[in-house]
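The block underneath contains the structure these notes are about, expressed in structure tokens.
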Amino acid sequence: MNAGINRRRFLGQAAGVAAGAAAAPVLSAGPASAGGRGPADLIVYNGRVQVMDRHMRRAEAVAIRDGVVMAVGRERDVRRLAGRGTESIDAGGGTVLPGINDSHVHLGGYGLDFPPYTIEVDVATIKELTDAVAAAVAAAPAPGSWIRGQGWNENRLPHPPRRTDLDPVSGDHPVILRDFSGHMMAVNSTVLRLAGITRDTPAPPGGVIEKDAAGEPTGVLRESAQDLVNRVVPPFTEAELESAVDKAIMMLHAQGITSITDPGIPLAQLALYERKARAGTLPLRITALITGGRSPDQVRTTLAAYKPPRGVDPRILRVAGVKLIIDGVPTAAQTAWLHEPYVDGTNGKPVIEGDTIEEAVANMHAMIALVHNAGMQVGTHATGDAGIDVVVAGYLAAMRGDRRHRDPRHYVIHGDLTSPRTLRTMARHDIGVNMNATIKYVLGRTLDANLGPERTDYQWPYRTALDLGVRVTSASDAPVTSPSWLQGVQSAVLRKGLYGGVAGEAERITVREALVTYTRTSAWQDHAERWKGTLEPGMTGDVCVVDGDVVGADPETLVGMPIAATILGGRVVYDGKPDPATANAMAPAAVKSRNARGAACLQRGACCCKRA
Ligand SMILES: [Zn+2]
Ligand SMILES: [Zn+2]
Ligand SMILES: [Zn+2]
């Protein structure tokens, strides 16, 4: 763990703003673009500053005033902008970047995936598991409240947890513990009673209600039998969602992240963000895509019910458009829609309403046009080449159909198997692609059995896309993978998988190229490249300081580099010392469990976007 950054004030430093103006730093802003006059509020010095501008300039220090970068350049020049009361951060020779923009994060789902909302039970003994449940019961907010947990693995435990293990520690609380793969769950007797599961309950098709020697349910439910319980689990309350969002934001700060896109949120969640933005309790820049649905009627209903946020800072909360979805994932689930079949001869299919493929395609195009014509951006989950081609054709048709909506920047979410031909079309029409280097790391070569080696190598063609001039962004899809952009950069550069092997040497990109996908191009996707995504003077003062040489070091070491500081609009929101409330969740063991769960969830075809 990192000891935290060295912060102090330039007390008694004589240099004033006049001296600074006399010896202008390499890149200094004119008064118009850099806000008011006076000394810097904050200076980050002794850094390897990557400005991330078009020229990929490097510098040593950054000065921020009134939340905006006032100068970036040589240290001795930037230091002249200090006055009494200027705060300074010694980057210790580490890397200084624009605040990271993780451009596809399910913020609520990520926060709710952690204790106390969901406890982690990836343990080796039943005793450890029941201890964790007992602790959650002791800390429960109300009598009879649900205890939810996840992560147990029947191959790690002597046997799946049974109601006879759980009942003695659960008091009057319903307890539901999902395994890491999503294929089964363990519940206590209270849950069995609430779900009406008895010795006489027949298992639904494709499901198993495990019974003991006496014929009584043990509390272990497999596959579709889990639905009997899912029906009675209450949704999280708004208060729980809000505090989970707060916690998620702290965890993102601890990763150097200052901007996200939250894709596919219901209007009720947007209302929560609005309220928090107005109250000043949303310390993160959120670009939202609201949930569109699976048919033109659903999109119409969504658009009719949607009201743009009022009275909020659009640099904190902005609704960019609507999230759509056309297919699943190209894993063992084989739900991505492909031109050439999977190894077993199937092709996958669209998940859009329609009795035939033609009808589904027509509906998809109608849905895209509805959003485009409303002047909004479309981001569509599409992973198979057939699905991607339909989406891109839909974007082109909508753009030709209504030219009043200029520069819409519609994009493909994931875009795993986008063909070179379609990438060329996307480059020509400024259609972006939002890729997932951290998911590439988690899946690695595991798709060989379904896609064959060639397509497994090609999956997420970063190199091909960049060479063809496509705007490529990167995102974690948290909670599917841990929002570690350093892991993402490492994966984009090395293409090494969590479970071994290299998948696609030909699609490797450089560290600098990968950094662009997490900063400048993500800002473009947000229609925000004029004010964020680089450290040029006049840009917002969002900064990520890494304790290490991100560009120069062996890429194998990237994931281990600590985040030393995160600055949002000139305010330090993370100082390298993890909050006790989030430290456990960020620990390597927890990250490992999360990635294993993410891999299993993807193989099952139950990734977060399926719900959008
Ligand atoms: Zn998705
Ligand atoms: Zn997603
Ligand atoms: Zn997803």
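Numbering of ligands and ligand atoms starts at 1, following listing order.
- Annotation: Asp355, atom CG; neighbour count of heavy atoms from other residues, nucleotides and ligands within 6.0 Å does not exceed 12.
- Shortest distance from the Zn ion (ligand 2) to Asp477 is reached at OD1 (N/O/S atoms only).
- Closest approach between the Zn ion (ligand 2) and any N/O/S atom of His104 involves NE2.
- Arg148 forms a cation-pi arrangement with Phe236, by the criterion of a distance under 6.0 Å to the ring centre and an angle within 45° of the ring axis.
- Cation-pi geometry between Arg594 and Phe114 is met: the NZ or CZ atom falls under 6.0 Å from the ring centre, inside 45° of the normal.
- Using cut-offs of 30° and 60° for the angle between ring planes, the His414 and His381 rings count as perpendicular.
- Nearest N/O/S atom of His106 relative to the Zn ion (ligand 2): this is NE2.
- When the Zn ion (ligand 1) is compared with the N/O/S atoms of His381, atom ND1 turns out nearest.
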